[in-house]
Amino acid sequence: MAERSASYADAVAAVARAEGNLDLVSDELFRVARALEGSDELRMTLSDRQIPAARRQQIVEDLLGGHASDTTTAMVSMIVAAGRSTDLAGIAQEAVELNARDRGRSVAEVRSAVALTEDQAERLAAALSAATGHRVDIKVIVDPSVMGGVVATIGDEVIDGSVRHRLSQLRDTF
Amino acid sequence: MRRLWTAAAVVVAAVALSASAVNAAGETIGSCIFEELEGAQFEGIEGNGFTAVKELKTRYKADDDHAGELIEEFESDLEGCLEAPNPIFPERTEIIWGGLAFVILLALMYWKLFPPVKNLMEQRTQRIQDAIDDADRQRAEAVEVKANYEAELADAKTEAARIVDEAREQAATVRADLQARAEADIAEMRERAAADVEASKRQAIADLQSEVSDIALGAAEAVIGRSLEDPEMQRQLIDDYIARVGADQG
């Protein structure tokens with residue numbers, strides 16, 4: 001499944017490079033994947049093979065039209081028509097990492113209970129870059145389950161400074 | 001059976017014939033007296049027979065003493081006719097006829113009577129012998145049956161004793177097993193009860209600890225949750241995180 005997602009991400013990156021907007025497409029694709037994670041109804045609808053592919057593509061175009069680039073809309077529409085909407089999160093993650101590698105950077109998935117300010121995002125990226133020894137781009141996901149603080153995931157490394165994690169540690173000590 | 005009847009008839013006829021022959025040869029008292037009167041001769045009296053007797057009677061009536069003596073002597077002779085025959089030695093003719101009849105009878109008996117009687121006796125002897133043999137055989141069989149019965153009875157007694165012993169041993173074994181099992185069950189129940197009590201105790205302690213920790217954590221989460229509603233607190237937490245990540249590098 002990971003191999004299939006990587007292949008789809010390569011295709012998306014190739015199209016975006018050709019269009020010269022890989023940075024934008026990967027970012028939009030990441031946001032679309034996050035939105036899909038947050039809506040069970042939308043995810044089930046787009047993965048329902050009983051619904052004709054043209055109808056599912058129409059839904060995607062209706063949702064993204066005017067809010068995302070044409071390349072991103074076309075790529076998401078193609079993925080949904082291929083029946084791989086459930087792999088969209090993995091494809092987006094691979095595309096983001098491909099874009100970062102193109103620019104000599106790593107990607108950190110940052111989850112926070114509230115949105116980070118630009119200043120916070122820049123300082124966090126700088127701190128993570130300093131901590132890992134190479135430049136890091138951050139992708140912020142607002143996740144209320146974090147409760148407070150930040151959880152940053154860079155590849156296989158997780159730096160958890162969330163309130164949820166501290167409460168869990170406290171519960172384990174009991 | 002027919003031979004037997006024939007032999008009996010021959011015997012009866014022979015007896016009848018022999019009896020007639022004996023009577024014909026015998027002498028009666030009357031004939032004896034008649035012969036004495038017919039041949040009578042007296043001394044001093046002429047003639048003989050009845051004439052002489054009449055003359056003697058006439059003289060006796062005339063008181064002739066001599067005649068009286070002769071009459072007394074003649075009466076003695078007549079009384080001799082009244083004497084019984086010899087009981088030991090019969091008349092010769094009687095002996096002859098009797099012997100002849102006896103021989104004939106004996107011959108007839110040998111010829112007709114003895115064979116069937118002999119056969120009857122042999123048959124009777126054979127029947128008795130058969131009966132004796134049969135009785136002996138039955139007695140032998142009875143003895144054998146009795147011996148078998150006694151042997152079977154002895155075997156049955158032995159078998160019964162063995163069964164009783166086995167039953168007794170099995171009962172003892174079963175009783176011992178049941179007792180051991182009951183003791184083991186009781187020990188196991190005691191151990192289980194003790195373990196249950198210990199487990200319940202531990203569970204109660206754990207539940208209490210969990211309850212206490214849940215209460216404490218719930219209170220902490222409530223306090224933290226209220227404080228996290230403050231945007232400044234969220235900002236502070238993020239800034240602290242950034243500072244800590246940066247400090248790790250430094």
Side-chain angles (χ1 to χ4, degrees), chain A residues 105-174, chain B residues 181-250:
Chain A
R105 294 168 177 257
S106 297
V107 177
E109 182 189 274
V110 175
R111 289 179 179 268
S112 171
V114 296
L116 272 62
T117 63
E118 285 189 14
D119 177 56
Q120 286 175 327
E122 288 176 1
R123 284 191 288 120
L124 179 57
L128 290 172
S129 297
T132 57
H134 44 79
R135 300 183 66 181
V136 174
D137 288 344
I138 62 171
K139 294 295 180 184
V140 179
I141 300 171
V142 177
D143 185 354
S145 69
V146 174
M147 297 180 72
V150 174
V151 181
T153 305
I154 307 167
D156 295 333
E157 186 178 1
V158 178
I159 304 171
D160 196 340
S162 65
V163 174
R164 180 185 62 189
H165 179 61
R166 291 178 185 175
L167 284 174
S168 177
Q169 286 180 323
L170 183 63
R171 194 182 300 274
D172 290 341
T173 57
F174 277 97
Chain B
R181 200 176 303 165
E183 290 175 353
D185 289 344
I186 289 170
E188 185 181 353
M189 288 172 66
R190 282 179 179 163
E191 290 178 1
R192 199 181 304 157
D196 289 345
V197 168
E198 186 63 26
S200 299
K201 182 179 169 186
R202 288 178 186 166
Q203 185 64 41
I205 293 171
D207 291 344
L208 187 59
Q209 288 177 341
S210 176
E211 192 72 21
V212 170
S213 65
D214 285 345
I215 292 170
L217 286 171
E221 286 176 355
V223 172
I224 291 170
R226 278 198 298 276
S227 64
L228 290 176
E229 290 174 359
D230 182 4
E232 182 59 24
M233 178 61 71
Q234 289 285 358
R235 187 192 62 76
Q236 186 63 44
L237 286 171
I238 293 170
D239 288 345
D240 290 346
Y241 177 82
I242 293 169
R244 193 168 63 251
V245 171
D248 288 344
Q249 183 270 337

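Computation of the quantities below employed the complete heavy-atom set of this structure, encompassing side-chain atoms and omitting hydrogens, waters and symmetry-equivalent molecules.
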Exercise for the section: Report the C-alpha separation of B:Arg235 and B:Asp239 in whole Å, then their side-chain angles, then the decisive distance to 0.1 Å, and conclude whether the salt bridge (Lys or Arg N to Asp or Glu O under 4.0 Å) test is met. Expected result: CA-CA 6 Å; B:Arg235 187 192 62 76; B:Asp239 288 345; 2.6 Å; yes
Exercise for the section: Give, as side chain, backbone, both or neither, the part of B:Asp240 having an atom under 4.5 angstrom from any heavy atom of chain A. Expected result: neither
Practice task
Take A:Leu170 and B:Leu217, measure what side chain to side chain contact (heavy atoms under 4.5 Å, CB included) needs, and give me the verdict at the end.
Solution key: CA-CA 8 Å; A:Leu170 183 63; B:Leu217 286 171; 3.4 Å; yes
Exercise for the section: Measure distances from A:Arg164 to the heavy atoms of chain B and classify the residue's part below 4.5 Å as side chain, backbone, both or neither. Expected result: neither
Handout entry: Spacing of B:Glu229 atom CD and B:Gln234 atom CD [to the nearest 0.5 Å]
Key = 10.0 Å
Exercise for the section: Return the option, out of A:Ala126, A:Gly149, A:Ser112, A:Gly133, with the maximum number of heavy-atom pairs under 4.5 Å with chain B. Expected result: A:Gly149
Handout entry: Proximal component of A:Val150, with respect to chain B [non-hydrogen, under 4.5 Å]
Key = both
Handout entry: Best-contacting candidate, B:Ile242, B:Leu228, B:Ile224, against chain A by heavy atom pairs under 4.5 angstrom
Key = B:Ile242
Practice task
Would you indicate whether A:Glu118, at its atom CD, is surrounded by more than 12 heavy atoms from other residues, nucleotides or ligands within a distance under 6.0 Å?
Solution key: no
Handout entry: Under 3.5 Å donor-acceptor, B:Ser213 side chain and B:Ser210 backbone
Key = yes
Problem - Side chain, backbone, both or neither of A:Leu128 within contact of chain B (heavy atoms, under 4.5 Å) - result: both
Completion exercise
Given B:Val212, B:Leu237, B:Ile238, the one with more heavy-atom pairs under 4.5 angstrom with chain A than any other is B:Ile238
Practice task
Report yes or no: do A:Asp119 and A:Thr117 form a side-chain donor-acceptor pair below 3.5 Å?
Solution key: no
